[in-house]
Amino acid sequence: MRRALNFWVAGGDLRQVKLAQLLQEDGHTVQTYGMERRPDPGALPGSDTRKGMERADCVVLPLPVTAEQGMLNAPLSDLRIPVADLLGDLSAGQLVCAGRVTEEMRVLAARRRLLLHDYFAREELAVANAVPTAEGAIQIAMEELATTLFGLRVLVIGFGRLGKVLAHRLHGLGARVTVSARRYGDLAWIEAYGYQPEHTGQLTGWLSAYDLIVNTVPARVLGREQLLDLKEDCLVIDLASKPGGVDLEAAARLGVKVIWALSLPGKTAPVTSGKIIRDTVYHILQELEP
């Protein structure tokens with residue numbers, strides 16, 4: 001950044017703690033709110049009120065920004081902080097960066113004439129986030145399976161950003177990787193990369209050969225009919241955001257082991273994730289410069 005700014009970092013988990021530390025190391029003024037139970041609380045300035053937040057150059061909210069019933073996602077705080085109240089304390093024209101913004105929050109921000117930017121919607125964050133997500137999924141597989149990934153028959157469902165990174169990592173570890181997609185252009189690329197291609201809409205009846213299935217598609221792709229095909233000891237890892245891509249009730253009834261691994265970057269690599277958010281916020285600020 002060209003100049004030192006005044007940042008408030010409110011709510012969130014260890015990703016936001018690291019974000020605040022990085023901003024401070026870069027020479028910015030940083031105030032935290034809603035994370036008083038963070039490790040080493042004395043390392044960062046903290047406030048138990050929002051006084052002064054209305055003067056911040058940028059307010060950074062967590063990913064996801066809201067928890068239940070419109071409350072700020074603040075697992076490191078004992079406070080219950082309505083997002084509507086927090087936004088109501090800010091000044092018109094103030095910049096707010098948040099992750100996975102809801103439509104309700106967009107409406108509230110528009111009424112307050114706030115400059116609201118969803119950093120989770122940015123392409124650079126999505127691509128960068130795919131790396132810790134893929135590595136986290138591989139960590140889960142290595143902990144849960146009694147075999148090596150080398151030689152394992154693996155199906156990756158979906159060939160978006162995450163599917164691409166995950167298939168590449170698994171292939172590098174010697175797994176026999178199949179990737180499914182719906183678009184024929186993607187299927188051509190899957191084959192060009194040296195993976196076995198399958199059409200996602202035509203998986204039924206062809207799933208019994210896999211030892212590990214990892215879903216990246218945020219839509220129901222593994223229902224009861226597909227789960228019936230799986231071999232007895234097949235592990236399923238669902239990386240899709242809510243509502244997920246696996247029928248968990250059917251899986252439980254059938255005895256299929258499914259791990260729904262949400263928000264892996266924040267759990268397995270919070271330091272890296274904090275850096276990714278910082279870089280994305282910087283990009284937003286640079287684009288807003290005259």
Working note: R278 + E25, criterion salt bridge (charged side-chain N to carboxylate O under 4.0 Å, His left out); need CA distance, chi angles, decisive distance, verdict. CA-CA 12 Å; R278 181 205 61 179; E25 290 171 6; over 6 Å; no

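- Checking E225 against T204 by side-chain atom types alone, no donor-acceptor pair falls below 3.5 Å.
- Under a 4.0 Å N-O distance rule, the pair D118/R100 does not qualify as a salt bridge.
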Set out, in order, the CA-CA distance, both residues' side-chain angles and the distance that settles salt bridge (charged side-chain N to carboxylate O under 4.0 Å, His left out) for R224 and D247, then state yes or no. CA-CA 7 Å; R224 185 177 185 278; D247 187 335; over 6 Å; no

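- Within the 6.0 Å centre-distance limit, the rings of Y184 and H199 are counted as a close aromatic pair.
- Cluster annotation: L44 and L79 are assigned to distinct hydrophobic clusters (Ile/Leu/Val/Met/Phe/Trp/Tyr, side-chain heavy-atom contacts under 4.5 Å, transitive).
- Between V65 and L72 the shortest heavy-atom distance is O-CD1, 3.4 Å.
- Using a distance-only test at 3.5 Å, with no hydrogens or angles considered, a donor-acceptor pair links the side chain of R38 to the main chain of M35.
- Remark: R3 does not engage E289 in a salt bridge, criterion side-chain N to carboxylate O under 4.0 Å.
- A 6.0 Å sphere centred on CD of E191 holds no more than 12 heavy atoms belonging to other residues, nucleotides or ligands.
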Subject >> Criterion side-chain contact (heavy atoms from CB on, under 4.5 Å) on V60 and Y119, from CA distance to verdict >> reply: CA-CA 10 Å; V60 185; Y119 55 76; 4.2 Å; yes

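- Between the CD atom in Q21 and the CG atom in D40 there is a gap of 7.5 Å [rounded to 0.5 Å].
- In terms of modelled atom types and a separation under 3.5 Å, the side chain of E36 and the main chain of G46 share no donor-acceptor contact.
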**Prompt:** Under the salt bridge (charged side-chain N to carboxylate O under 4.0 Å, His left out) criterion, do E123 and R161 qualify, and how do the steps go?
**Reply:** CA-CA 9 Å; E123 178 69 9; R161 307 175 192 93; 2.7 Å; yes

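- Residue-environment remark: CZ (R183) stays at or below the threshold of 12 foreign heavy atoms within 6.0 Å.
- No more than 12 heavy-atom neighbours from other residues, nucleotides or ligands sit within 6.0 angstrom of CZ on R113.
- Counting only distance, with no hydrogens or angles, the side chain of E144 and the backbone of A141 share no donor-acceptor pair below 3.5 Å.
- The main-chain N or O of M105 is found under 3.5 Å from a side-chain atom of T102 such that the two form a donor-acceptor pair.
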Would you sort out whether K275 and D279 count as a salt bridge (charged side-chain N to carboxylate O under 4.0 Å, His left out), showing the intermediate values? CA-CA 6 Å; K275 181 180 181 299; D279 292 347; 3.0 Å; yes

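- The environment of E232 atom CD is sparse: at most 12 non-hydrogen atoms of other residues, nucleotides or ligands sit within 6.0 angstrom.
- Judged by the 6.0 Å distance and 45° axis criteria, K164 is positioned over the aromatic ring of F159.
- Atom CD of E287 is surrounded by more than 12 heavy atoms from other residues, nucleotides or ligands within 6.0 Å.
- Here the side chain of T32 pairs a donor or acceptor atom with the backbone of P45 at under 3.5 angstrom.
- In terms of hydrophobic clustering, with Ile, Leu, Val, Met, Phe, Trp and Tyr side chains grouped at heavy-atom distances under 4.5 Å, L61 and L76 are assigned to different clusters.
- Side chain to side chain, S91 and E54 fail the donor-acceptor criterion of an N or O pair below 3.5 Å.
- Paired with C234 under the rule side chain to side chain contact (heavy atoms under 4.5 Å, CB included), one option of L227, D211, I213, D229 passes, and it is I213.
- In this structure a side-chain-to-backbone donor-acceptor pair under 3.5 Å is missing from K257 to A251.
- Side chain of R15 to backbone of L63: a donor-acceptor contact under 3.5 angstrom is found.
- With 3.5 Å as the limit, one finds a donor-acceptor pair spanning the side chains of Q139 and E143.
- Each of V156 and L207 belongs to its own hydrophobic cluster when Ile, Leu, Val, Met, Phe, Trp and Tyr are linked at side-chain heavy-atom distances under 4.5 angstrom.
- Although no hydrogens or angles enter the test, the distance criterion places a donor-acceptor pair under 3.5 Å between the side chain of N73 and the main chain of P64.
- The environment of K231 atom NZ is dense: over 12 non-hydrogen atoms of other residues, nucleotides or ligands sit within 6.0 angstrom.
- Distance alone, capped at 3.5 Å, places no donor-acceptor pair between the T133 side chain and the L264 backbone.
- The heavy-atom pair separating G93 from L115 by the smallest distance is O-CD1, 3.6 Å.
- Here the CD-CG distance, from Q226 to L203, works out to 7.5 Å after rounding to the nearest 0.5 Å.
- Minimum heavy-atom separation, G11 to A74: CA-CB, 4.1 Å.
- When all heavy atoms of V30 and Q24 are compared, the closest pair comes out as CG2-N, 3.6 Å.
- Defined by atom type and a distance below 3.5 Å, a donor-acceptor pair is present between the side-chain atoms of D238 and N215.
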_Please determine whether side-chain contact (heavy atoms from CB on, under 4.5 Å) holds for the pair R50 and L86, giving the CA-CA distance in whole Å, both sets of side-chain angles, and the decisive distance to 0.1 Å._
CA-CA 8 Å; R50 295 191 290 274; L86 187 152; 3.8 Å; yes

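- Using a 30° and 60° split on the angle between ring planes, Y33 and W8 fall in the tilted class, from 30° to 60°.
- Between the W260 side chain and the K242 main chain, no donor and acceptor come within less than 3.5 Å of each other.
- When every heavy atom of V281 is checked against every heavy atom of C58, the shortest pair comes out as CG1-SG, 4.1 Å.
- A side-chain donor-acceptor contact under 3.5 Å links D26 and Y282.
- Around atom CH2 of W189, no more than 12 heavy atoms belonging to other residues, nucleotides or ligands sit under 6.0 Å away.
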